[in-house]
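This report refers to the structure that appears directly beneath it.
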Amino acid sequence: MAREFQRGHKAKISDLTPGTDLYVGVQIAAPGLTFDISCFGLDAHEQLSDDRYFIFFNQPKSPEESIQLLGAQSGDTESFRVTLDRIPAAIQKLSFTATLDGSGQMSQIGPGYIRIVAGGEEVVRYAFTGSEFTTERAVMLGDFYLKDVWRFAAVGQGFDGGLDALLKNFGGEVAEEEAPPAAAPAAAPGFAPPAQAAAPPAFGAPPAVQAPQPAPSFGAPPAPTPPPAPQQPMHAAPTIAAPLAPQMPQAPQAPSPYGQPHQPHQPQFGQVPGQGAPPAPPFGQQAPAPYGQPAPAPYGQQPPVGMPPGVPQGMPQGVPQGAPATGAGLQAALQPYKEAATGQRWTPQNQQLMRVDLTMGGSGVLARQGSMVMYQGKVDFGYKSAGFVGRAVGNATGQEMQLMRCTGRGQVFLAEEGSHLHPIELQGDAICVSAESVLAFDESLQYEVRRVEGHGIPGGALFTMLFQGTGTVIVKTHGTPVVLPVTPTTFADCNAVVAWSAASQVIVSSQVRLRRNAYPGHSGETVNLQFRGAPGNFIVVQPYEV
């Protein structure tokens, strides 16, 4: 039976199916609207560093065919075949997106979904409707991402702009190629209808079957027989170009604008129409730039030596030579500190600042009072009362947390005293964290005070917070922590340990001795925690004692 996901839900692929050969189907439609459904193969920095892993109508498969575009079938508007164990190590994330081709908004779409089928059986489905969006023209539907193992996340995040804007967001560039000359006028841009099939393929166990041939690319001349090494088709549709070093144009003639027939070269001043290429410009001047390239320097001026192509013209005088392409000044200085938006619910902006997107996940966030440093959107902040019993337990155990509830539709930025922040994602498991080390967590998580028995510390016990369920807890540390596996000889200072796996057995080991305390020179390490447990258990220790 398929699991129904909500926005923000995540799960390991191994918990959904043991197979790695998966069918991904997307259904999205609206009257009079056309959609481009694509898959972006991103690196560890969530950038499209290799344009061969941008899978769309003009590039239907990756080099090793670990990602293939199959077309419309079984009621799906578009479908893909994903073979996880064949994806190169450089690809850490697959982002499935839908963008509008033409006018319209995502609020106009009807009920849709993204689903995963393994072995002929649907294992997970994330459904969405147009009421979840407003004026967006693109939506990030779902992600496969590698975090020690492959996982799936239901995203459902709207995005302003179309396919070009989404491509630039992932670090790619859009290039327009010149259409090849043709005797007959070219047809209007459009997408050929993909082939239909009876049922979704049962990937995984069965032997490999011949994948359906992709729809012909727009503008590509039909070929009677497929050549052994097909060349890249030339067309007038926008295609992906990797962010490589800028190159000088090969021909002085400018290509035609997108979607327009080729126009003859326009004569320049003093040139008779019908003549060939214009003569070389006079000494000290530059020829007019081709279409889409930056304009040349003003008359009688040249760009500084060493300045790379693409520097905006009109830059103030006195800019040092070799300035970056983004230009000098305020924009260049602030570029490294731009907001990082990855489409996830929790996104670290740097080591000390965490961003939470309340539009994802469907539940609120509980954060330490006063930890909000900025927010955008419509966000409501309310006091989270622990109740009389909760306050009493907190005062008695030292595990009291003064919390606020953050709800609404917007993004909240959290920090506290420059502490290092670490998101810990729980998927039905549990973790023990000291209340002093908790900054924020999803309201869907369950939490309670746990007691660690011991005879060598004041009060006879040590207390900690136990978090369990599905969600994320943000842990703060002083400096960069270290994560150690639990062995029978693992000890930690109770004032330095931050968290540990809930399945670990904790024993208080006291070093208090009357003889040691009776004389000066004592080490000061009187109370340690000994951890025991099966392989897979861990502890988190910070380089600081509270």
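Scope of the values below: all heavy atoms of this structure, side chains included, with no hydrogens, waters or symmetry mates.
The existence of a salt bridge linking Arg7 and Glu132 is confirmed by a sub-4.0 Å separation between a basic side-chain nitrogen and an acidic carboxylate oxygen. Between Glu122 and Arg115 there is a salt bridge, since a side-chain N of the basic residue sits under 4.0 Å from a carboxylate O of the acidic one. Ion pair Asp442/Arg345 flagged as a salt bridge, since at least one NZ, NE, NH1 or NH2 atom sits closer than 4.0 Å to an Asp/Glu carboxylate oxygen. Between Glu65 and Arg81 there is no salt bridge, since no side-chain nitrogen of the basic residue lies less than 4.0 Å from a carboxylate oxygen of the acidic one.
The number of heavy-atom neighbours closer than 6.0 Å to CZ of Phe381, taken from other residues, nucleotides and ligands shown, is above 12.
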*Please lay out, stage by stage, how Phe467 and Phe441 fare under the test ring pair (Phe, Tyr, Trp, His ring centres under 6.0 Å).*
CA-CA 9 Å; Phe467 291 87; Phe441 54 93; 5.0 Å; yes

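Proximity of the aromatic rings of Phe80 and Tyr23 is defined here by a centroid distance below 6.0 angstrom, and this criterion is not met.
Partner Thr17 forms a side-chain contact (heavy atoms from CB on, under 4.5 Å) with one of Val117, Leu22, Ile116 and no other, that one being Leu22.
Ring geometry for Phe152 versus Phe5: interplanar angle of 30 to 60°, hence tilted.
Counting only distance, with no hydrogens or angles, the side chain of Gln468 and the backbone of Leu445 share no donor-acceptor pair below 3.5 Å. The backbone N or O of Gln352 sits less than 3.5 Å from a side-chain atom of Asn350, completing a donor-acceptor pair. Thr20 places no side-chain N or O within donor-acceptor distance of the main-chain N or O of Thr83, the cut-off being under 3.5 Å. Between the side chain of Gln108 and the backbone N or O of Gln105 there is at least one donor-acceptor pair closer than 3.5 Å. For Gln92 (side chain) and Ala89 (main-chain N/O), a donor-acceptor pair under 3.5 Å exists by modelled atom type. The main-chain N or O of Leu167 is never found under 3.5 Å from a side-chain atom of Asn169 such that the two would form a donor-acceptor pair. Checked by atom type and distance alone, the side chain of Asp76 never pairs as donor or acceptor with a backbone atom of Gln27 at under 3.5 Å. Put simply, the side chain of Ser95 never gets that close to the backbone of Phe40: no donor and acceptor are under 3.5 Å apart. Listed for the Arg151 side chain is no donor-acceptor partner under 3.5 Å among the backbone atoms of Ile13. Checked by atom type and distance alone, the side chain of Ser62 pairs as donor or acceptor with a backbone atom of Ile67 at under 3.5 Å.
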Pair up each side-chain donor or acceptor in residues 358-365 with any protein partner under 3.5 Å, not counting sequence neighbours, and list the distances.
from, atom 1, to, atom 2, distance (Å)
Thr359, OG1, Asp357, OD1, 2.5
Thr359, OG1, Asp357, OD2, 3.3

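The shortest side-chain heavy-atom distance between Lys10 and Gln427 falls under the 4.5 Å cut-off. Arg125 has its side chain out of reach of Ile114: every pair of non-hydrogen atoms, C-beta onward, lies at least 4.5 Å apart. Looking only at side-chain heavy atoms (C-beta outward), His422 and Ile474 stay at 4.5 Å or farther from each other.
For the atom pair CZ of Phe144 and CG of Leu94, the computed distance is 7.0 Å after rounding to the nearest 0.5 Å. Taken from CD in Glu425 to OG1 in Thr472, the straight-line distance is 5.0 Å, to the nearest 0.5 Å. The line from OG1 of Thr99 to CG of Asp36 is 4.5 Å long, rounded to the nearest 0.5 Å. Taking CD1 of Ile55 as the reference point, atom CG of Leu69 lies at 8.0 Å (rounded to 0.5 Å).
Of all heavy-atom pairs spanning Asp50 and Arg52, the tightest one is OD2-NH2, 2.8 Å. Nearest heavy-atom pair across Ser38 and Phe54 is CB-CE1, 3.7 Å. Across Ala98 and Ile37, no two heavy atoms sit closer than the pair CB-CG1, 4.2 Å. Scanning all heavy atoms of the two residues, the minimum distance from Leu426 to Asp429 falls at CA-OD1, 3.3 Å. Here the shortest heavy-atom pairing between Glu136 and Thr134 reads OE1-N, 2.6 Å. Smallest separation of non-hydrogen atoms from Ala2 and Val124: CB-N, 4.1 Å.
The stretch residues 101-126 participates, sequence neighbours left out, in these ring-ring contact (aromatic ring centres under 6.0 Å, His included) pairs: Tyr126-Phe128.
Residues Ser66 and Glu64 have side chains that bring a donor and an acceptor to within less than 3.5 angstrom of each other. No hydrogens or angles considered: a donor-acceptor pair under 3.5 Å links the side chains of Gln376 and Glu339.
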